[in-house]
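These numbers come from a predicted model, not from an experiment. Counting starts at 1 for both ligands and their atoms, following the listed order.
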Amino acid sequence: MYKVTMLAVFLAGALNAQAATVYTGDKIDGNPVISKLDVDDLEAGKVYRFMFQGVSNGIGQHWYVPVLVAKGAQPGPKLGLQAAIHGDELNGTRVIQQVFEKLDPAQLKGTVVGAIGANPSGMLANNRNWQLVNDGGDMVDFNRIWPGKEKGNSAEQHAWLLWNNLWAGNAAMFVDMHTQSRGTEYPLFIYADYRNPQVKQMAELFPADQIKADPGEKGSVETTFVENKIPAITLEIGKPKLYQPELIARSLVGVNNLMIQQGMIDGKLGATAKEQKTFVGNEMSSIRAEVGGFAEILVKVGDSVVKGQKVAIQRNAFGDTIREYTASHDGKVLAIGNDPLREARGLLVRILFNNPDPQCADGC
Ligand SMILES: [Zn+2]
């Protein structure tokens with residue numbers, strides 16, 4: 001009896017220690033469905049397509065996330081890429097597709113995992129948020145609830161499944177791809193926690209227009225990874241609901257640079273922050289509408305502005321000026337509101353700048 005118990009304990013321990021890819025037995029459009037990924041048990045030198053089984057929805061079906069895995073012929077680092085955590089932020093889907101179009105698993109050292117459309121609920125709703133069905137419907141910002149909850153609402157459960165069953169053990173560095181929100185735009189821009197030197201190095205391998213040295217946002221994908229000692233950045237690729245080839249191409253250069261620097265692929269580094277002359281700031285200031293009305297923005301993304309410079313006008317329906325807005329700091333225009341309809345608190349202009357206070361050195 002004692003021996004049997006010990007054997008059972010040993011086996012259970014061994015099972016826990018050795019995660020394994022779980023195939024549900026289903027296929028969707030010919031692609032195997034998995035409820036757990038462990039890249040270590042995949043045969044090396046191949047590219048895999050999976051449908052990752054997410055949370056179940058109101059009609060008793062699962063949300064699925066398409067996942068590409070390139071398992072290199074030789075061992076090496078594990079890179080994770082994710083797009084569309086916000087459902088209408090789509091440039092990153094094309095970046096990940098192009099990364100895999102160019103990867104040769106026979107030449108790759110290590111593993112690349114790409115999740116193309118992590119928030120299918122929001123994507124189908126043409127919305128940044130996760131859509132809840134209960135109580136007539138509600139929405140959740142799917143980039144504020146990580147690492148999720150095993151017994152939470154559907155958004156929290158989906159995040160929990162992605163964190164525990166897709167990414168745990170399968171990513172030692174991570175790029176989470178976003179864009180600015182609908183009605184606003186960014187250039188190619190990175191949020192990076194400069195307190196972590198590996199994160200700083202990652203960010204500066206991308207030829208971005210601007211980088212914010214940033215202490216992070218609780219519940220975001222990026223901050224959840226960084227808190228768990230996995231270097232991660234939030235890559236903001238321009239505008240939502242659009243493919244922008246030039247920004248997609250530069251994002252791809254950044255991912256390639258990262259793989260070259262990590263020894264995962266051979267090649268020469270492309271343009272980095274240095275060649276791009278990326279503007280790095282440690283603080284940002286958002287100039288927001290004080291009232292509702294039609295906004296005309298007088299600056300473009302990337303423009304240099306000086307404190308006091310007029311940057312936006314708001315008018316009523318008859319064309320009378322009701323508010324004028326000026327730059328709060330000397331700096332660079334990081335984002336603008338490109339939708340003229342702005343209600344109170346709507347973003348007009350966001351300025352990235354450098355606060356000389358030593359406490360802000362790594363981001364305020
Ligand atoms: Zn986003």
Worksheet item: How about Glu89: does one of its N, O or S atoms come closer than 2.8 Å to the Zn ion (ligand 1)?
Response: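 Checking the Zn ion (ligand 1) against Glu89, an N, O or S atom does fall under 2.8 Å.
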
Worksheet item: Restricting to N, O or S atoms of His86, which is nearest to the Zn ion (ligand 1)?
Response: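 Minimum-distance N/O/S atom of His86 relative to the Zn ion (ligand 1) is ND1.
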
Item to complete: Please find the N/O/S atom of His178 nearest to the Zn ion (ligand 1) and write down its name.
Response: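 Of the nitrogen, oxygen and sulfur atoms in His178, the Zn ion (ligand 1) lies nearest to ND1.
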
Worksheet item: Under 4.5 Å between any side-chain heavy atoms of Gln314 and Glu290, yes or no?
Response: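 No; the side chains remain at least 4.5 Å from each other.
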
Worksheet item: How are the rings of His158 and Phe142 set relative to one another: parallel (under 30°), tilted (30 to 60°) or perpendicular (over 60°)?
Response: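 Geometry flag for Phe142 against His158: tilted rings.
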
Worksheet item: Do the ring planes of Phe189 and Tyr186 sit parallel (below 30°), tilted (30 to 60°) or perpendicular (above 60°)?
Response: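 Ring orientation of Phe189 relative to Tyr186: tilted.
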
Fill in: Any donor-acceptor pair under 3.5 Å from Arg288 side chain to Gly346 backbone
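Pair absent, no side-chain N/O of Arg288 close to backbone of Gly346.
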
